[in-house]
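The structure appears below as structure tokens.
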Amino acid sequence: MHIFEKTTCPVNPVAVLIKPMKLLLIEDERSLADSIQNYFQRENFICEWADDYESALEKINLYRYDCVLVDIMLPDGDGLDAIRELKKRSPETGIIIISAKNSLDDRITGLNLGSDDYLTKPFHLSELNARVQAVIRRRNFQGNQRIVFGKINIEPQEHTVLANEQEVVLTRKEYDLLIYLIANKNRVLTKESIAEHLWGDDADMMDNFDFIYTHIKNLRKKLLEKGAPDYLKSIYGVGYKFSEQ
Amino acid sequence: MKLLTQIFRYQLLASLVVLLLGTGLFYISVRYLMDQEVNRELASSQVKVSWQLRNIERLPVYILQLGDSLQLDPVVFPGRALLREKSMFSYAENAVQPYRQLIFYERVEDQWYRVTISKLLLQRQQLRDAVVMTITFIVALLLISLLILNGWLSERIWRPFYRTLGSLDRYRLEQRPVLEFEDEKTLEFNQLNLSVKQLTERVAATYKNLKEFTGNAAHEIQTPLAVIISKIEELFQDETLTESQLVALSEISEAANRLSRLNQALLLLTKIENRQFPPGSEFVNFLPIVNRKLKDLEDLIDQIQLRITSRMEPAGPMIHPGLAEILVNNLLTNAIRHNIENGEISVLLQAGKLQVSNTGRPVNGNPELLFERFRKESTQSASLGLGLALAKTICDVNGISLTYEVENNRHNLTMTW
């Protein structure tokens with residue numbers, strides 16, 4: 001079975017071996033939930049949706065998820081309670097809080113309760129995606145944490161990058177950029193989302209996105225030098241796309 | 001000028017005018033009365049002398065009053081009678097003394113005589129001066145005591161007013177939103193206190209509403225923004241879009257991102273103003289924060305090739321650690337953003353002081369105006385215009401002074417605590 005699939009699908013052998021990830025999205029805003037669901041479905045994730053505290057509890061009690069995305073401001077209850085419940089039921093599930101409140105207290109409470117990350121609304125879906133993948137990778141202790149994309153192999157624990165079996169030495173920013181690009185492969189990434197991912201709040205500072213261009217250029221050069229194909233396409237006026245086609 | 005000083009000034013002025021005018025009038029009237037008296041006496045002397053000259057050949061010795069003198073000079077023709085004042089030498093006193101003379105002409109046995117009666121004025125003048133002086137002194141004393149009494153009374157009566165003024169002066173909306181006053185004896189001050197109390201109540205209510213509104217609005221805006229940004233991102237993945245559509249979409253995305261950052265910055269500003277970040281009980285050391293931030297901002301620093309010089313020793317005020325980060329970040333990013341190529345940034349950190357100074361373009365007008373929200377020197381930058389406003393607010397709520405000065409195209413932002 002595996003052999004058959006590998007031969008018919010040479011694009012991404014690792015993706016085939018991994019069973020689809022299951023996500024639960026607890027979010028009361030319907031259109032935002034739609035977008036998030038669509039996004040993860042394209043990533044071949046199974047993304048279920050609960051729009052209130054009650055149905056969230058029901059789902060948590062019935063199923064196991066790899067990662068749960070919780071909006072802590074729900075109309076009929078506190079998302080933090082849902083996290084407590086979830087931690088009791090299945091401590092191995094990854095938790096990412098998404099909140100309209102950029103409150104330090106909530107952030108600390110959330111992280112103390114055992115959530116893995118805290119993302120403030122509004123966020124880029126590509127950022128959410130990258131964080132979900134990072135959480136799942138970190139939680140997947142037993143399994144293979146290696147990130148594979150075409151001829152690129154990354155060992156996240158050792159921070160080593162191999163292109164075409166040769167080690168590529170990257171700066172911290174270039175490494176982060178590569179992880180982000182691979183997490184959001186086959187998708188158009190805007191320059192702002194890349195800037196925000198790499199510089200966080202300092203992205204406010206950018207009068208232009210030349211900084212990104214410098215890092216992109218260096219990363220592409222280093223990968224090409226080791227004989228990896230040119231995966232990076234620039235999309236005029238928008239940003240970049242990392243794909244094998 | 002103080003209220004009481006002003007009242008005192010007017011009272012003093014009025015008293016002086018009254019005193020001067022009164023003294024003048026008094027002097028004039030006393031002098032007039034005395035003149036009349038002297039003239040009357042001279043006239044009666046004239047009558048007596050004329051009668052004597054006409055009817056009795058010899059003049060008696062004591063025809064005149066004591067101190068007056070009589071002089072007869074034969075003349076050829078009579079002249080007009082004359083009344084005049086004259087200073088003459090008195091042998092008795094061995095000094096020049098004022099006299100009033102009445103000169104008239106009388107005919108005795110076909111011979112005209114000029115009769116001069118001189119009357120010494122000295123005692124009268126002395127008396128007059130003494131009277132005027134005494135009265136003036138009494139009036140002046142009266143006025144001065146009135147002034148003192150008035151001053152003391154004003155101070156007593158106005159005391160509640162100064163109490164109210166003091167509590168208005170110390171009024172802090174965030175700490176004690178409504179001012180309460182004790183009952184006063186004076187009706188007007190009670191009214192004033194009541195008005196102030198009602199005013200602060202209204203202010204407090206408005207402030208609370210505004211605070212809640214700002215907080216809620218900012219929160220409620222975040223979710224629709226999240227929807228907009230996520231939908232734009234979904235659209236980006238649509239491969240049938242043309243290039244111009246992608247560019248338009250990209251611009252929408254940029255605007256939405258900017259709106260989101262703006263909203264978050266305003267939310268943060270509101271929170272800081274609402275003092276939701278109380279300072280801890282420990283001093284925050286700025287040294288590691290500055291070093292870390294300089295490292296974070298390396299990309300930007302390298303891009304325009306800035307030279308960084310720093311002289312730092314561990315120091316820092318008592319402040320919420322999160323705010324300390326924002327503060328340092330905003331000061332440094334400001335120094336980078338408004339710098340020039342191949343420019344310089346120098347950071348000085350010592351006990352009680354953090355100074356970030358950078359090379360830059362000259363500023364039009366007062367640089368401290370850049371602490372205002374949305375105040376920008378240039379319009380083309382992507383800056384929100386909130387960075388320095390945030391820094392200023394953080395400093396204000398934590399009792400730190402923040403100044404901005406420009407000299408020789410060098411911008412100095414100095415924090416002292």
Side-chain angles (χ1 to χ4, degrees), chain A residues 27-36 38-39 42 71 73 98-105 119-129 171 173 184 186-193 195-196 198-212 214-215 235-239 241, chain B residues 218-239 241 243-244 246-251 253-254 256-261 263-265 267-268 271 276-277 293 296-300 302-303 320 322 326 329 333-334 336-337 380-384 386-387:
Chain A
E27 162 67 59
D28 58 321
E29 181 68 37
R30 199 195 147 77
S31 45
L32 182 61
D34 277 352
S35 292
I36 295 174
N38 285 342
Y39 203 97
R42 281 184 57 156
D71 181 350
M73 296 212 291
I98 45 179
S99 167
K101 262 206 229 158
N102 187 6
S103 145
L104 202 62
D105 291 340
L119 201 56
T120 311
K121 277 186 197 172
F123 46 78
H124 292 278
L125 291 177
S126 41
E127 181 65 35
L128 178 65
N129 181 26
T171 64
K173 284 267 188 312
N184 291 294
N186 303 324
R187 284 175 182 283
V188 177
L189 289 173
T190 60
K191 282 177 267 186
E192 296 113 72
S193 85
E196 258 181 59
L198 292 186
W199 285 280
D201 285 342
D202 293 337
D204 295 11
M205 276 285 298
M206 317 271 171
D207 288 352
N208 54 53
F209 293 101
D210 292 352
F211 311 101
I212 302 169
T214 314
H215 290 293
I235 314 285
Y236 176 77
V238 180
K241 189 172 176 177
Chain B
H219 276 159
E220 295 306 317
I221 288 169
Q222 299 292 66
T223 305
L225 267 175
V227 174
I228 294 173
I229 290 175
S230 63
K231 295 292 172 195
I232 294 171
E233 250 187 297
E234 269 191 280
L235 274 178
F236 272 131
Q237 313 311 327
D238 186 345
E239 282 170 6
L241 289 180
E243 200 166 84
S244 64
L246 276 175
V247 171
L249 206 51
S250 169
E251 276 162 14
S253 160
E254 247 171 70
N257 278 301
R258 190 176 165 78
L259 189 58
S260 142
R261 289 206 306 273
N263 196 40
Q264 280 175 10
L267 197 56
L268 180 63
K271 277 188 196 162
Q276 289 177 8
F277 300 98
K293 279 291 159 193
D296 286 350
L297 296 167
E298 233 169 17
D299 283 313
L300 297 125
D302 291 346
Q303 215 223 354
H320 189 282
I326 297 171
N329 188 49
T333 49
N334 180 68
I336 297 171
R337 188 197 286 280
Q380 77 267 30
S381 87
S383 148
L384 296 174
L386 284 173

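Note on naming: letters A, B, ... go to the chains in the order of the sequence lines (proteins, then strands), and numbering restarts at 1 for each one.
- With a 4.5 Å cut-off on non-hydrogen atoms, A:I98 does not touch chain B at all.
- For the pairing with A:V238, the side chain to side chain contact (heavy atoms under 4.5 Å, CB included) check across B:L246, B:L249, B:V247 returns one residue only, B:L246.
- Here the options are B:E234, B:Q237, B:K231, the test is side-chain hydrogen bond (donor to acceptor under 3.5 Å, both in side chains), and the partner is A:N38; only B:E234 passes.
- At a cut-off of 3.5 Å, with distance as the only test, no side-chain donor of A:T120 or B:Q264 sits close to an acceptor on the other residue.
- Between atom CG of residue B:N263 and atom NZ of residue A:K121 there is a gap of 13.0 Å, rounded to the nearest 0.5 Å.
- Separating the OG atom in B:S230 from the CG atom in A:L128 is a distance of 10.0 Å, to the nearest 0.5 Å.
- There is no side-chain donor-acceptor pair under 3.5 Å between A:S35 and B:E233.
- Salt bridge status for B:E239 with A:K241: present, with a side-chain N to carboxylate O gap under 4.0 Å.
- With rounding to the nearest 0.5 angstrom, the CD1 atom of B:I232 is 9.0 Å from the OG1 atom of A:T190.
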Item to check | Derivation of the side-chain contact (heavy atoms from CB on, under 4.5 Å) call for A:E196 and B:N257 | outcome: CA-CA 10 Å; A:E196 258 181 59; B:N257 278 301; 3.9 Å; yes

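- Only the backbone of A:F123 comes within contact range of chain B, judged by heavy atoms closer than 4.5 Å.
- Summarising the geometry, atom CG belonging to B:D302 is positioned 10.0 Å from atom OG1 belonging to A:T214; distances are rounded to the nearest 0.5 Å.
- Interface remark: A:S31 contributes backbone and side-chain atoms alike to the contact with chain B (heavy atom separation under 4.5 Å).
- Between chain A and the residues B:A256, B:S253, B:A265, the most heavy-atom pairs under 4.5 angstrom are made by B:S253.
- Heavy atoms of A:S126 lying under 4.5 Å from chain B belong to its backbone as well as its side chain.
- Using a 4.5 Å cut-off between heavy atoms, B:I229 contacts chain A through its side chain alone, with no backbone atom that close.
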